[in-house]
Amino acid sequence: MSAYGAIPKPSSLSSPLAPTAWKVKSKSTDGALSKFVIMYHLTLSSASTPARDGLVSFMADEFADEVERGDTYPQEPLAGERLSREAFEGYYFAADVMIGFRASVEDLQRWDVNASEVLEEAGTKVDLDLDVVADNRKWKDCVAGFYYIKPNYPGRSSHICNAGFVVPFASRGHGFAHILARSYLHYAPQLGYLASVFNLVYVNNEASIRLWETLNFTKAGRIPRAGRLRRKDGQGEEYVDAWVYYKSFETDLETEPKPDGEVNG
């Protein structure tokens with residue numbers, strides 16, 4: 001429930017948005033590191049098929065872990081409790097969810113995808129089934145990250161969206177957050193949104209600040225003492241200011257790099 005009451009879910013698309021492949025820009029020299037991310041559009045129903053057993057539970061656990069760390073999301077379960085799967089589903093799957101899967105050059109070759117056609121700055125459409133990409137791997141070994149996209153406001157301002165991102169702890173440090181953010185700029189306009197607002201980017205979250213400013217989000221304001229967060233040294237809590245970030249998608253639609261076309265698998 002928001003300050004405006006319940007914000008209705010936007011009209012559903014007749015079919016999910018097309019999956020896209022993204023090249024990961026990484027400084028790592030680890031040859032075994034996944035170099036690509038394949039993004040998919042999920043609903044709670046499509047995430048809960050027998051072939052995807054445990055996926056929603058994995059996502060719920062990762063989100064609950066992030067909330068428990070107490071330094072990025074404002075949610076705070078009651079003392080001694082953990083965010084439930086039901087609470088996760090109600091919050092995260094209230095609208096659209098995107099999920100990314102790790103892939104290597106060898107994976108793309110097996111799926112008949114030309115890796116040289118996959119771009120860093122614009123997603124390349126691919127004809128690949130999610131279950132093929134997951135390839136019976138454990139979810140912790142293949143999920144690069146996920147995020148929701150939902151209206152930030154109701155009614156006459158519902159063209160402005162908001163998103164919440166999770167990179168599983170095991171997938172951090174590989175450049176996946178940048179891919180998730182870029183894919184957000186790709187998918188949100190396709191869902192009909194014209195702009196994005198992030199209400200609470202805490203000022204001590206240097207990685208997020210750097211990421212959004214790299215992608216030309218602008219600071220719309222600063223909220224004093226916006227969050228009571230756990231201190232990074234583990235010594236109690238402290239009040240932290242937060243930035244509000246804004247970006248229009250209409251400018252991006254005019255300047256966004258165009259992919260070379262669809263790559264069939």
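These numbers come from a predicted model, not from an experiment.
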| task | Might you work through the side chain to side chain contact (heavy atoms under 4.5 Å, CB included) test for Y245 and I209, ending with a clear yes or no? | result | CA-CA 9 Å; Y245 276 98; I209 290 170; 3.3 Å; yes
| Between the side chain of R110 and the main-chain N/O of D107, is any donor-acceptor distance below 3.5 Å? | no
| Residues that R210 engages under salt bridge (Lys or Arg N to Asp or Glu O under 4.0 Å), provided they are two or more places apart | none
| task | Flag yes if more than 12 heavy atoms outside K138 fall under 6.0 Å of its NZ atom; otherwise flag no. | result | no
| field | N/O donor-acceptor pair under 3.5 Å between D65 side chain and E62 backbone | value | no
| Do the side chain of K247 and the main chain of L215 share a donor and acceptor less than 3.5 angstrom apart? | yes
| task | Can you see which heavy atom on D241 is nearest to which on R222, and at what distance? | result | OD2-NE, 2.9 Å
| message | Quick check: closest heavy atoms across A144 and V167, and the distance to 0.1 Å? | response | O-CG1, 3.6 Å
| said: Using modelled atom types and a 3.5 Å cut-off, is there a donor and acceptor pairing between side-chain atoms of R172 and backbone atoms of A177? | reply: no
| Checking side chain to side chain contact (heavy atoms under 4.5 Å, CB included) for the pair L108/I38: CA distance, chi angles, key distance, verdict? | CA-CA 10 Å; L108 298 190; I38 315 297; 4.2 Å; yes
| Do side-chain atoms of N162 reach the backbone of P151 as a donor and acceptor pair under 3.5 angstrom? | no
| task | Flag the pair F146 / F63 as yes when their ring centroid distance falls below 6.0 Å, and as no otherwise. | result | no
| field | Which atom of W111 lies closest to which atom of V133, heavy atoms considered | value | CZ2-CA, 3.6 Å
| request: Please test K23 against F36 for side chain to side chain contact (heavy atoms under 4.5 Å, CB included), starting from the C-alpha separation and ending with a verdict. | output: CA-CA 5 Å; K23 185 177 181 181; F36 300 89; 3.8 Å; yes
| request: Could you tell me whether the side chain of T124 and the main chain of E117 form a donor-acceptor pair under 3.5 Å? | output: yes
| request: Would you please classify the geometry between the F217 ring and the F198 ring as parallel, tilted or perpendicular, with 30° and 60° separating the classes? | output: parallel
| query | Between S248 (side chain) and A195 (backbone), is there a donor-acceptor pair under 3.5 Å? | reply | no
| With no hydrogens and no angle check, is any side-chain donor or acceptor of S171 less than 3.5 Å from a backbone partner on V143? | yes
| message | Within this structure, what is the CZ-CD distance for the pair R230 and E238, rounded to the nearest 0.5 Å? | response | 13.0 Å
| query | Do S196 and Y184 get their side chains close enough for a donor-acceptor pair, meaning under 3.5 Å? | reply | yes
| query | For H186 and M39, what are the C-alpha separation, side-chain angles and deciding distance, and is it a side chain to side chain contact (heavy atoms under 4.5 Å, CB included)? | reply | CA-CA 11 Å; H186 170 84; M39 296 298 308; over 6 Å; no
| Rounded distance (nearest 0.5 Å) linking atom OG1 of T72 with atom OH of Y202 | 8.5 Å
| query | Any Lys/Arg nitrogen of E89 or R85 sitting under 4.0 Å from an Asp/Glu carboxylate oxygen of the other? | reply | yes
| task | Examine Y148 and L194 and state if one hydrophobic cluster contains both, with Ile, Leu, Val, Met, Phe, Trp and Tyr joined whenever side-chain heavy atoms are less than 4.5 Å apart. | result | no
| field | K150 (side chain) donor-acceptor with Y91 (main chain) under 3.5 angstrom | value | yes
| query | Quick one: does W139's side chain have a donor or acceptor within less than 3.5 Å of a partner on D53's backbone? | reply | yes
| request: Sort out for me which residue in F165, Y92, F176 forms a ring pair (Phe, Tyr, Trp, His ring centres under 6.0 Å) with Y147. | output: F165
| field | L180 reachable from F169 in the ILVMFWY side-chain graph, under 4.5 Å edges | value | no
| Could R231 and D233 be called an ion pair, given the rule that one side-chain N must be under 4.0 Å from one carboxylate O? | yes
